[in-house]
Amino acid sequence: MNVNSARGSLSAAFACVLVGGSFTANSLLGEYPYAGGQFLRYGFAFLLLIPLVGRGAMAAVRRLEPRQWARLCLLAAVGMVGFNLAVLAAERTAEPAVPGVLVGCAPVVVAVLVPLLDGRRPRRIVLYGALLVAAGAFTVQGWGRTDTAGIAFSVCALLGEVGFAVIAVPLLRPLGPRLLTAVVCAVAAAESALVGLLADGGDWLRVPDTTETLVLLWQAVVVTVVGFICWYLGVQRIGAERATLFSGLIPVAAACTAPLVGAGGYGAAQAAGSALVAAGVALGAGAFGGRGARRPAGGGAPTGGRDGTRARLGSVPRGGRPGGDGGH
């Protein structure tokens, strides 16, 4: 593993640990309107990101074509607003472990879907690693009570997790991780406000109390600004297939932090599941001597489109993107 791959792996792993910790924090937001909370989270994150996007950001945004704006709206709707709505809906009739286990299958779906969309066969070593990661996620969380609706919404959450990685890949070249995070947060804030107005009317937003304020600040500053940038840096450097392997760390981080708020414990099952996740990530990354997932090719120019935005799903070239990432 070279330095670029190591940095990408660390970025993706760190992002998933932050997201896993946010699941524990979310338990403290049970009484706050969902859409209003998402609006505050993504809106505040967007404001924080404005100074970080670097020179040329507005020019890069103006160069986006209608189909790219449509992809941004789809990314926000599926991978952010829709994902969180699906988890919330699933937990109304299912125990939290159910959507957690289904979302833990995302590495398997991505390991199959990304190569097929890229015109190549799935790599066995990555698929085996993804299956280990999914098994580890199941071991950490177990299975819980559910019904048909709970399973259906959990599958929607799985699709949202997959979409968050796959839909974004062609947008990384023209925008870069920082600017992509900023723009998609602005879109997600607008979509959250629309959902809130349609679903809750005038009750969609209220002033949060002290605990809710701290949790929303954590979600906006740490999970969204830091976590999303790290995630897309990871996807950019090592590709969606390998980056999504690290999503197995989400239930592990959630299990580790749950005791802090009295929402669970960390025992033998969690330790065994954590070991499976670690083994799956290492196997898929090629740490055991396999070839692992295809690494991003620095010189592979994308084809199609007058601005060259049709990047390969498995990799995103680092060079030549206008603005957005400030030189990373």
Say whether [X] and [Y] are linked into one hydrophobic cluster, either directly or through other cluster members, by side-chain heavy-atom distances under 4.5 angstrom.
X: L74; Y: L172; value: yes
X: L52; Y: M58; value: no
X: L233; Y: V221; value: yes
X: V61; Y: V53; value: yes
X: L131; Y: L116; value: yes

For the [atom1] atom of [X] and the [atom2] atom of [Y], what is their distance to the nearest 0.5 Å?
X: F39; Y: L205; atom1: CZ; atom2: CG; value: 6.5 Å
X: S9; Y: R242; atom1: OG; atom2: CZ; value: 5.0 Å
X: L158; Y: F153; atom1: CG; atom2: CZ; value: 15.0 Å
X: F83; Y: Q38; atom1: CZ; atom2: CD; value: 10.5 Å
X: L180; Y: I229; atom1: CG; atom2: CD1; value: 10.0 Å
X: R178; Y: L49; atom1: CZ; atom2: CG; value: 9.5 Å

Within a strict 4.5 Å, meaning less than it, do heavy atoms of the [X] and [Y] side chains meet?
X: R71; Y: P170; result: yes
X: L40; Y: Y32; result: yes
X: V19; Y: V223; result: yes

**Message:** Ring centroids only, cut at 6.0 angstrom: are Y232 and F164 within range, meaning strictly under it?
**Reply:**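 Yes; F164 has its ring centre under 6.0 Å from that of Y232.
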**Message:** Using side chain to side chain contact (heavy atoms under 4.5 Å, CB included), reason through F44 and L217 one step at a time and then give a plain yes or no.
**Reply:** CA-CA 8 Å; F44 186 51; L217 285 174; 3.5 Å; yes
**Request:** For the pair T181 and V225, evaluate side chain to side chain contact (heavy atoms under 4.5 Å, CB included) and give the outcome as yes or no after the intermediate values.
**Result:** CA-CA 7 Å; T181 300; V225 174; over 6 Å; no
Contacts under 3.5 angstrom, residues 272-280 side chains, donor-acceptor by atom type, not counting sequence neighbours:
unit_1 : atom_1 : unit_2 : atom_2 : d
S274   : OG     : Y266   : OH     : 2.8
S274   : OG     : Q270   : O      : 2.7

Considering all heavy atoms of both residues, which atom of [X] and which atom of [Y] are nearest to each other, and what is their separation?
X: A111; Y: A130; result: CB-CB, 4.2 Å
X: A134; Y: C105; result: CB-CA, 4.2 Å
X: A157; Y: A86; result: N-CB, 3.6 Å
X: L75; Y: A168; result: CD2-CB, 3.8 Å
X: L179; Y: L175; result: CB-O, 3.2 Å
X: A240; Y: V110; result: O-CG1, 3.7 Å

May I ask you to decide if [Y]'s main-chain N or O and [X]'s side chain share a donor-acceptor pair within less than 3.5 Å?
X: Q68; Y: E65; result: yes
X: E161; Y: V103; result: no
X: D118; Y: V114; result: no

**Item:** side chain to side chain donor-acceptor pair (under 3.5 Å) contacts in which one or both residues fall within residues 198-207, not counting sequence neighbours
**Value:** R206-E212
**Message:** With side chain to side chain contact (heavy atoms under 4.5 Å, CB included) as the criterion, how do W231 and Q236 come out once you've worked through the C-alpha distance, each side chain's angles and the decisive distance to 0.1 Å?
**Reply:** CA-CA 9 Å; W231 171 252; Q236 184 182 60; over 6 Å; no
**Item:** Chi angles and distances behind the side-chain hydrogen bond (donor to acceptor under 3.5 Å, both in side chains) call for R41, T224
**Value:** CA-CA 8 Å; R41 169 189 176 178; T224 305; 2.8 Å; yes
**Item:** L72 and L64: CA distance, side-chain angles, deciding distance, side chain to side chain contact (heavy atoms under 4.5 Å, CB included) verdict
**Value:** CA-CA 10 Å; L72 277 166; L64 292 176; 3.8 Å; yes
**Message:** Among residues at least two apart in sequence or on other chains, which ones pass side-chain hydrogen bond (donor to acceptor under 3.5 Å, both in side chains) with R124?
**Reply:** none
